[in-house]
Amino acid sequence: MIYLLVFSLSSIFLYLAEKQINSLNKKILTCIALLFPILLATLRDEKVGIDVETYMKPLYLCSMRSKNISELFANMKAEFALMHLDYGYALMGYFASKITGGLWGIFLFNSLFCILPIYFGIVKYNKYIKCDVHVGTREVPIWAAMFIFYCLFYNNSLNQVRQIITCALLFYGLMSLLRKEYFRCIFIFLIACTFHKASVIFLYIVLLYLIAKSKHNILRIVLLFLLLVFFIFSIQIFYLGMNVLNALGLIPDKYYGEIFDKEYGQRDVNLSWLFIAVVMLLMTAINLYKNRNDVIGRFLFMITCSFLALFNLSSYFSSFGRIQLYFMIYASVCLPLFATAGQSFIKESKLVSNMICVAVPLLYWFVACYLFDYTGTIPYYFI
């Protein structure tokens, strides 16, 4: 399968890059590694990815007949497919179309905005782990973290493009926050807001980090209790909140029908995501048990608990279930935690960790992407 071949080649070159002492060789191998998935996304046919026809191709056509940005925005308001499109993504699509003159240009920019923030975010994560003496977690092998990202999110990035771009940007923003690069974090957050309104969930993620960093353990106990309550009563809490927002006129028209007209009681549990959530919970819980004072370990554990708390709600409302992506994105740094947590239990913990880093996302990709093709990207066609 071409996807797995590209994932493997990219991860192998990243592994070789990590072993390099020479800075130039390291950069060359890294560029080659990232080029594989970027080119695969760029050279795909427009049949690969459901949202290509939904808004990417209409955006390309609208951009090509617009002489300037103001005309682009005016034309977007007249098209049903684009009238609700976020301006940040529209601008990206406009410049991509004008620079390249083809739909493949949007594919290229999409891939760059997805993959690069994740890669550099993982690099920042490792720098934070390496420099902070209070952290009990080890650095994450970049090749493994990127392989996890590819298997869990690459096919989504060919379809749910705006969501994955936003997730990637906020992932990078959070890693900038860990490194105390506050202005960069705020700047990235503001950019992400122009790609998708769901970026507001980042404020909750920052709150999780502040609670994890706090010396008051009672805050963490209260948070976990509230997440448990939300997990049990999420539907009732959700409807209460939506009714309040609806009364204030704050519910977008495109979501109104799904919230209030959907027949109550129809469930559609994403078992593939549930599998990843359970593995993340296991890895973070074991790591936290071994490193009680590990701030990043606490944070990742609370991220995972938040991910799990949304399952009851997301089984009814798939559009709102995509909020889970903003927590699931941290799987790339959660799954390798077994290297730290398992070292006192298993002699060859590094080997076991690497096997888990490969086996878990591979199993997910095979079931969710290949067998069920919920991303609409199988089979792959070249341009």
Are F80 and I50 connected in the hydrophobic side-chain network, where two residues link if heavy atoms are under 4.5 Å apart? no
Find out if a path of hydrophobic residues (ILVMFWY) with successive side-chain heavy-atom gaps under 4.5 Å connects L35 to L5. no
Atom pair CE (M1) and OH (Y370), whose distance is rounded to the nearest 0.5 Å: 6.5 Å
Are the aromatic rings of F73 and Y87 close, with centres under 6.0 Å apart? yes
For L72 and A90, which heavy atoms make the closest approach, and how far apart are they? CD2-O, 3.9 Å
Distance col, row I142:CD1 vs I118:CD1, nearest 0.5 angstrom, shows 12.5 Å
Check for me whether R44 meets the cation-pi criterion with F107, that is, NZ or CZ under 6.0 Å from the six-membered ring centre and within 45 degrees of the ring axis. yes
For the CH2 atom of W104 and the OH atom of Y60, what is their distance to the nearest 0.5 Å? 10.5 Å
Under the side-chain contact (heavy atoms from CB on, under 4.5 Å) criterion, do L203 and F189 qualify, and how do the steps go? CA-CA 9 Å; L203 299 178; F189 171 62; 4.1 Å; yes
Taking every heavy atom of L82 against every heavy atom of L59, the minimum-distance pair comes out as CD2-N, 3.8 Å
For T54, does its backbone N or O pair with a side-chain atom of D51 as donor and acceptor, under 3.5 Å? no
Hey, can you tell me if Y89 and F195 have their rings parallel, tilted or perpendicular (30° and 60° cut-offs)? perpendicular
Which atom names give the shortest non-hydrogen contact between L288 and D294, and what distance separates them? CD1-O, 4.3 Å
Check whether any side-chain N or O of N110 sits under 3.5 Å from a backbone N or O of I106 as a donor-acceptor pair, and report yes or no. yes
In this structure, would F183 and I191 fall into the same cluster of hydrophobic residues linked by side-chain contacts under 4.5 Å? no
So, K130 and E139, do they make that salt bridge, N to O below 4.0 Å? no
Tell me whether V200 shares a hydrophobic cluster with L190, the cluster being built from Ile, Leu, Val, Met, Phe, Trp, Tyr side chains joined at under 4.5 Å. yes
As an exercise, state the distance from CZ of F109 to CD1 of I99, rounded to the nearest 0.5 Å. 4.0 Å
Residues at least two apart in sequence or cross-chain that pass side-chain hydrogen bond (donor to acceptor under 3.5 Å, both in side chains) with S10, listed by chain then number, are Y150
Tell me the closest heavy-atom pair linking Y330 and L170, and the distance in Å. OH-O, 4.2 Å
Kindly give the heavy-atom pair with the smallest separation between A168 and C114, and that separation in Å. CB-O, 3.4 Å
Donor-acceptor side-chain pairing of T194 and D86 below 3.5 angstrom: no
Short question: side chain of N22, backbone of L24 - any donor-acceptor pair under 3.5 Å? yes
Which pairs count as side-chain hydrogen bond (donor to acceptor under 3.5 Å, both in side chains) when at least one residue sits in residues 198-221, sequence neighbours excluded? Y204-S306, N217-R220
For Y326 and Q163, does a side-chain donor sit closer than 3.5 Å to a side-chain acceptor? yes
Look up atom NZ in K98 and atom OG in S66, then write down how far apart they are to the nearest 0.5 Å. 6.5 Å
Derivation of the ring pair (Phe, Tyr, Trp, His ring centres under 6.0 Å) call for Y154 and F149: CA-CA 7 Å; Y154 184 82; F149 171 76; 7.8 Å; no
Show your reasoning for whether side-chain contact (heavy atoms from CB on, under 4.5 Å) applies to F230 and S234. CA-CA 5 Å; F230 185 81; S234 56; 3.8 Å; yes
Step by step, work out the salt bridge (Lys or Arg N to Asp or Glu O under 4.0 Å) result for K124 and E181. CA-CA 11 Å; K124 281 186 178 294; E181 299 168 350; 2.7 Å; yes
Ignoring hydrogens and geometry beyond distance, is a side-chain donor-acceptor pair present between R184 and Y172 at under 3.5 Å? yes
Contacts under 3.5 angstrom, residues 371-379 side chains, donor-acceptor by atom type, not counting sequence neighbours:
| unit_1 | atom_1 | unit_2 | atom_2 | d |
| --- | --- | --- | --- | --- |
| D373 | OD1 | G376 | N | 3.1 |
| D373 | OD1 | T377 | N | 2.9 |
| D373 | OD1 | I378 | N | 3.1 |
| Y374 | OH | N156 | OD1 | 3.2 |
| Y374 | OH | Y364 | OH | 2.5 |
| T375 | OG1 | T377 | OG1 | 2.7 |
| T377 | OG1 | N155 | ND2 | 2.7 |

Shortest non-hydrogen pair, Q160 vs Y55, comes out as C-OH, 4.4 Å
Between the side chain of T284 and the main-chain N/O of L281, is any donor-acceptor distance below 3.5 Å? yes
Rounded to the nearest 0.5 Å, how far apart are CZ of F275 and CG of N270? 12.5 Å
Between Q236 and L240, does a side-chain contact (heavy atoms from CB on, under 4.5 Å) hold up when you go through it step by step? CA-CA 6 Å; Q236 291 79 5; L240 175 62; over 6 Å; no
Yes or no on side-chain contact (heavy atoms from CB on, under 4.5 Å) for V278 and L282, after CA distance, side-chain angles and deciding distance? CA-CA 6 Å; V278 171; L282 179 63; 5.6 Å; no
